[in-house]
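Down below is the structure, laid out as structure tokens.
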Amino acid sequence: FSQVQHNNYILFCRICVITLAEAHPLLQSGKTIKSINYQISANCSRLQNKVSGKSKRGAQFLTELAPLCRISSTDGEEYTIYSCIRGRLIEVNENILSNPTILQEKPSTEGYIAVVLPKFEESKSITQGLLTQKEYEEVLLKR
């Protein structure tokens, strides 16, 4: 996996919205999504994430390499989407399950994958590690 495959948007309230990057293969022409699955293993479903209260009790803790979901395309390819960030899983976007086309049509808005809340003490270093739009475009040109 690569940071170039996922976009992480850190917002003012230090939440991170996980989306597909514009260069992700699923956003290239000709790809059609067959299914999206938040069931990571037999014992772990991101849909079972139950968050409550100001301290976000019950939220699943994610590492950078924690899978969020698996997306299958009609051409047989399967893509595992990773958190890419340490923090608590606040919510997953269940709307993409019934309407997977919004993942491709509006990937940075309604088609987001999940929302993660990084630890407060790590949020600044996470923000500093993200690429600017210009840096992202330069990485893509080198591919």
Side-chain angles (χ1 to χ4, degrees), residues 1-53 56-120 122-143:
F1 98 96
S2 149
Q3 186 178 12
V4 177
Q5 294 295 316
H6 306 83
N7 280 338
N8 294 328
Y9 295 104
I10 305 285
L11 304 178
F12 249 138
C13 52
R14 76 179 176 92
I15 63 169
C16 181
V17 180
I18 310 295
T19 68
L20 291 179
E22 60 190 58
H24 194 282
L26 281 166
L27 300 183
Q28 304 310 305
S29 61
K31 292 280 186 178
T32 304
I33 295 174
K34 178 180 166 185
S35 66
I36 300 167
N37 191 351
Y38 282 111
Q39 185 77 37
I40 301 309
S41 68
N43 297 324
C44 181
S45 172
R46 300 301 180 207
L47 293 173
Q48 300 298 315
N49 191 56
K50 302 293 181 215
V51 180
S52 66
K56 309 302 179 212
R57 279 190 310 275
Q60 296 175 12
F61 185 78
L62 305 171
T63 64
E64 298 92 327
L65 300 176
L68 289 170
C69 67
R70 291 190 177 83
I71 304 172
S72 299
S73 63
T74 54
D75 64 3
E77 293 291 324
E78 183 176 271
Y79 303 90
T80 301
I81 307 303
Y82 297 92
S83 172
C84 300
I85 192 167
R86 287 170 34 96
R88 293 177 184 260
L89 180 62
I90 301 304
E91 75 174 62
V92 294
N93 185 359
E94 294 185 41
N95 294 329
I96 62 175
L97 296 174
S98 59
N99 188 5
T101 58
I102 62 171
L103 186 67
Q104 293 170 305
E105 293 168 358
K106 300 177 180 181
S108 59
T109 58
E110 295 172 48
Y112 72 96
I113 294 166
V115 177
V116 177
L117 180 66
K119 288 184 174 184
F120 181 76
E122 294 179 12
S123 58
K124 186 175 182 179
S125 64
I126 290 168
T127 304
Q128 291 171 342
L130 296 176
L131 299 175
T132 65
Q133 183 66 30
K134 184 178 178 183
E135 291 169 333
Y136 172 74
E137 291 168 359
E138 289 171 359
V139 169
L140 291 179
L141 288 174
K142 293 177 185 175
R143 289 181 140 195

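When the side chain to side chain contact (heavy atoms under 4.5 Å, CB included) test is applied to K142, no partner is found at least two apart in sequence or on another chain. Partners of E110 by side chain to side chain donor-acceptor pair (under 3.5 Å), not counting sequence neighbours, listed by chain and number: K106. For P107, the side chain to side chain contact (heavy atoms under 4.5 Å, CB included) partners two or more places apart in sequence, or in a different chain, are L27. Considering only residues two or more places apart in sequence or on other chains, Q39 meets the side chain to side chain donor-acceptor pair (under 3.5 Å) condition with none of them. By the ring pair (Phe, Tyr, Trp, His ring centres under 6.0 Å) test, Y38 is found to be paired with no residue, residues two or more places apart in sequence or in another chain being considered. With sequence neighbours left out, T101 forms a side chain to side chain contact (heavy atoms under 4.5 Å, CB included) with N99, E105.
Taking the side chain as every heavy atom from C-beta outward, I90 and V116 never approach each other to under 4.5 Å. Y79 has its side chain within reach of L26: a pair of non-hydrogen atoms, C-beta onward, lies under 4.5 Å apart. Contact of the L62 side chain with the I85 side chain is not registered, since no non-hydrogen atoms from C-beta on lie closer than 4.5 Å. Between I40 and R70 there is a side-chain heavy-atom pair separated by less than 4.5 Å.
With 3.5 Å as the limit, one finds no donor-acceptor pair spanning the side chains of R88 and Q60. Under the 3.5 Å distance criterion, with hydrogens and angles disregarded, a donor-acceptor pair is assigned to the side chains of D75 and S73.
In this structure, the separation between CG on L68 and CD1 on I81 is 8.0 Å, given to the nearest 0.5 Å. The OG atom of S83 lies 8.0 Å from the CG atom of L89; values are rounded to the nearest 0.5 Å.
In this structure a side-chain-to-backbone donor-acceptor pair under 3.5 Å is missing from N37 to C69.
Screening I36, N93, L103 against I113 for a side chain to side chain contact (heavy atoms under 4.5 Å, CB included) leaves a single residue, L103.
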